[in-house]
Amino acid sequence: MTGRRTVEEHLARVLDAVRVLPSETRGVRDAAGRTLASPAAAAHDIPLFDNSAMDGFAVRAVDVAAASAENPVTLRVVADLPAGVALDPPLGAGEAARIMTGSPTPADADVIVPFEDTEGGLADSLDEVRVLHAPAKPGIFVRRRGADLHAGDEVVRTGERLGAFQVAAAVAAGVAEVSVTRAPRVAVVSTGSELLAPGEPVTRGRIPDSNGPLLEQLVADADAEVVLVARVPDDPDAVRDVTAEAVARDADVIVFTGGVSAGAYEPVRGAFDGQGEVEFASVAMQPGKPQAFGVLSSGALVFGLPGNPVSVAVSFEVFVRPALLALQGRAEIQRPRASLTSDAAWTTPPGRRQYLPAIVDLVARTVRPATAGGSGSHLAGGLARARAFAIIPAEVEAVAVGDAIDVMLVE
């Protein structure tokens with residue numbers, strides 16, 4: 001194990017090994033969750049045409065400029081325009097068209113009078129309408145063509161995730177296909193002869209494998225694809241075998257949990273140490289001090305994380321998730337952060353940056369530990385309540401109530 005390095009130094013080594021995955025063309029709806037490899041440009045304007053923002057009447061502003069409740073203006077209704085029609089009826093002096101929200105505005109109309117500003121509303125309004133209030137200004141309630149986007153404008157940027165909002169915007173702009181990076185293929189391997197399958201009856205000395213399900217969900221949340229989930233005993237040969245299986249499945253990333261420290265039964269270290277592909281290091285953080293990282297001859301990135309669940313969660317967020325997003329060409333690879341005020345006191349490990357599972361109140365702008373049991377990396381129960389990680393610098397010896405705390409938000 002090399003000398004202790006900082007979190008930034010270890011992350012830099014990881015990201016230096018990342019190469020953006022190849023791109024592919026997909027239909028917009030089939031590309032949800034992927035990262036844009038090139039910008040998506042609008043095929044047409046948004047809105048596509050001038051249209052009404054209200055149910056009411058399309059009129060000429062000059063005809064209703066003097067309308068009031070005391071002196072209503074009566075207009076002759078010459079057309080009815082429900083949504084979906086392509087009509088463009090001419091409007092002469094004293095004429096109006098009944099119009100629904102989203103319907104194309106007649107070229108001769110320059111204002112919409114909402115039905116609430118008329119005497120009879122929309123009922124029995126196909127012959128004439130009495131306008132009780134003059135529009136506040138010309139053009140009111142008319143959505144102008146191209147007011148949002150023009151054809152050729154960039155709708156979704158390169159490096160941006162195609163989420164629900166981005167899919168909707170692209171579809172609205174007439175984008176049919178997009179170029180996106182391939183989803184990283186990830187193998188998740190838990191090591192430890194003590195591990196049981198989730199749901200298997202527990203016995204003395206045996207514990208459930210919570211790391212596998214934890215990583216499966218974290219990988220999926222990072223828009224990557226899980227291609228293998230495995231548990232292996234404390235046997236270097238078992239680690240070598242599962243590595244070969246992951247490579248055979250074209251895994252881009254292999255994530256091991258456990259077996260990376262300096263104990264007597266460390267199968268990941270036993271399989272890789274001294275081979276020149278995977279490096280074992282001590283990182284100045286708590287939890288997550290023992291880390292392993294390397295690149296196989298296949299090109300697969302290998303992460304060796306500590307075995308305790310909180311260590312796994314922290315290590316994934318600090319090192320693995322940024323790498324998975326970088327593989328996708330994501331413009332932003334870090335979780336959002338906030339500065340909050342501590343409403344609890346706790347101690348911190350000397351000389352190491354602390355990542356503490358935390359409960360945050362974004363309204364009150366406060367943060368506190370998610371568990372009353374301290375910062376132990378084995379305290380998996382507290383993860384259920386954690387919505388963030390409080391990040392305490394290595395030089396801070398203790399946190400007091402009222403201290404400003406940097407927080408990594410994970411939900």
Of the non-hydrogen atoms in Ala41 and Gly152, which two are nearest, and what is the gap between them?
CB-O, 3.9 Å
Check the pair Asp361, Thr366 against side-chain hydrogen bond (donor to acceptor under 3.5 Å, both in side chains), reporting the backbone distance first and the verdict last.
CA-CA 5 Å; Asp361 185 333; Thr366 58; 4.6 Å; no
Taking atom CD of Glu397 as the centre, does the number of heavy atoms from other residues, nucleotides or ligands within less than 6.0 Å exceed 12?
no
Quick check: does any side chain N or O of Asp108 sit under 3.5 Å from a backbone N or O of Leu91, one acting as donor and the other as acceptor?
yes
Given side chains that start at C-beta, do those of Leu340 and Val360 come closer than 4.5 Å, heavy atoms only?
yes
Residues in side chain to side chain donor-acceptor pair (under 3.5 Å) contact with Asp406, at least two apart in sequence or another chain
Arg337
Are the side chain of Asp88 and the backbone N or O of Ala107 linked by a donor-acceptor pair below 3.5 Å?
yes
Glu8 vs Arg353, side-chain contact (heavy atoms from CB on, under 4.5 Å): CA-CA, chis, key distance, verdict:
CA-CA 11 Å; Glu8 287 74 19; Arg353 182 184 301 170; 2.8 Å; yes
Drop me the distance from Leu11's CG to Ile333's CD1, to the nearest 0.5 angstrom.
6.5 Å
Report the C-alpha separation of Glu279 and Arg5 in whole Å, then their side-chain angles, then the decisive distance to 0.1 Å, and conclude whether the salt bridge (Lys or Arg N to Asp or Glu O under 4.0 Å) test is met.
CA-CA 13 Å; Glu279 179 188 24; Arg5 64 181 58 150; 2.8 Å; yes
What I'd like to find out is whether the side chain of Met54 reaches to under 4.5 Å of the side chain of Val113, using heavy atoms alone.
no
Tightest non-hydrogen contact, residues Val260 and Ala292, listed as CG1-CB, 4.2 Å
Can you tell me which residue pairs pass the ring-ring contact (aromatic ring centres under 6.0 Å, His included) test with a partner in residues 304-350, sequence neighbours excluded?
His10-Phe319
Note, Leu75 side chain near Val64 side chain (heavy atom, < 4.5 Å)
yes
Measuring from atom CG of Asp343 to atom CD1 of Ile359, what distance do you get when rounded to the nearest 0.5 angstrom?
9.0 Å
Would you mind listing every side chain to side chain donor-acceptor pair (under 3.5 Å) that reaches into residues 33-45, with sequence neighbours excluded?
Glu24-Arg34, Thr35-Arg330, Asp45-Arg145
Answer yes or no: is there a side-chain heavy-atom contact under 4.5 Å between Leu195 and Ile207?
yes
Heavy-atom donor-acceptor pair, Arg335 side chain to Met408 backbone, under 3.5 Å:
no
More than 12 heavy atoms from other groups under 6.0 Å of CZ on Arg206:
yes
On a heavy-atom basis, which atom in Arg144 and which in Asp110 lie closest, and how many Å separate them?
NH2-O, 4.2 Å
Begin from the C-alpha positions of Val320 and Leu305 and carry the test side-chain contact (heavy atoms from CB on, under 4.5 Å) through to its verdict.
CA-CA 9 Å; Val320 184; Leu305 312 183; 4.1 Å; yes
Taking the side chain as every heavy atom from C-beta outward, state whether Phe389 and Val318 have any atom pair closer than 4.5 Å.
no
Could you pull out all residues at least two apart from Arg387 that satisfy side chain to side chain donor-acceptor pair (under 3.5 Å)?
Glu411
Mind checking the CD-OG spacing from Glu119 to Ser125? Nearest 0.5 Å is all I need.
12.0 Å
Keeping the roles fixed (side chain from Thr243, backbone from Val239), state whether a donor-acceptor pair exists under 3.5 Å.
yes
With sequence neighbours left out, the residues meeting side chain to side chain donor-acceptor pair (under 3.5 Å) with Arg352 are none
Could you walk me through whether Asp209 and Leu196 satisfy the side-chain contact (heavy atoms from CB on, under 4.5 Å) test, starting with their C-alpha distance in whole Å, then the side-chain angles of each, then the deciding distance to 0.1 Å, before giving a yes or no?
CA-CA 6 Å; Asp209 172 24; Leu196 297 168; over 6 Å; no
Donor-acceptor check, side chain of Arg19 to backbone of Asp16, threshold 3.5 angstrom: yes or no?
yes
Any side-chain heavy-atom pair of Val283 and Lys289 under 4.5 Å
no
Determine yes or no for a side-chain-to-main-chain donor-acceptor pair under 3.5 angstrom, with Asp55 supplying the side chain and Thr101 the backbone.
yes
State yes or no: are the ring centers of Phe293 and Phe303 separated by less than 6.0 Å?
yes
Closest heavy-atom pair, Gly121 versus Phe57, reported as atoms and distance to 0.1 Å, is O-CZ, 3.6 Å
Nearest heavy-atom contact between Val227 and Ala251 is CG2-CB, 4.3 Å
Which atom pair, heavy atoms only, marks the closest approach of Pro290 to Pro306?
O-CG, 3.2 Å
Hey, are Arg60 and Glu95 close enough for a salt bridge, meaning a charged N less than 4.0 Å from a carboxylate O?
no
Indicate yes or no: at least one non-hydrogen side-chain atom of Val111 is less than 4.5 angstrom from one of Phe141.
no
Any donor-acceptor N/O pair, Arg26 side chain to Asp30 backbone, under 3.5 Å:
yes
For Val312, is there any backbone N or O sitting under 3.5 Å from a side-chain donor or acceptor partner on Ser315?
no
Glu194 side chain to Gly205 backbone, donor-acceptor under 3.5 Å
no
Would you say the side-chain atoms of Thr181 pair up with the backbone N or O of Gln328, donor to acceptor, closer than 3.5 Å?
yes
CG on Leu87 to CG on Asp80, rounded to 0.5 Å:
9.5 Å
Contacts of type side chain to side chain donor-acceptor pair (under 3.5 Å), residue Asp234, not counting sequence neighbours
none
Does the side chain of Asn211 come under 3.5 Å of the side chain of Ser190 through a donor N or O and an acceptor N or O?
no
Derivation and outcome, salt bridge (Lys or Arg N to Asp or Glu O under 4.0 Å), residues Asp50 and Arg143:
CA-CA 5 Å; Asp50 291 357; Arg143 301 164 173 165; over 6 Å; no
To the nearest 0.5 Å, how far apart are CG in Leu324 and CG in Leu218?
10.0 Å
Is there a side-chain contact (heavy atoms from CB on, under 4.5 Å) between Met100 and Leu122 once you walk through the steps?
CA-CA 10 Å; Met100 300 300 113; Leu122 297 177; 4.1 Å; yes
Going by heavy atoms in the side chains, are Leu383 and Val310 under 4.5 Å from each other?
yes
Rounded to the nearest 0.5 Å, what's the gap from CD1 on Ile254 to CD on Glu245? Could you check?
10.0 Å
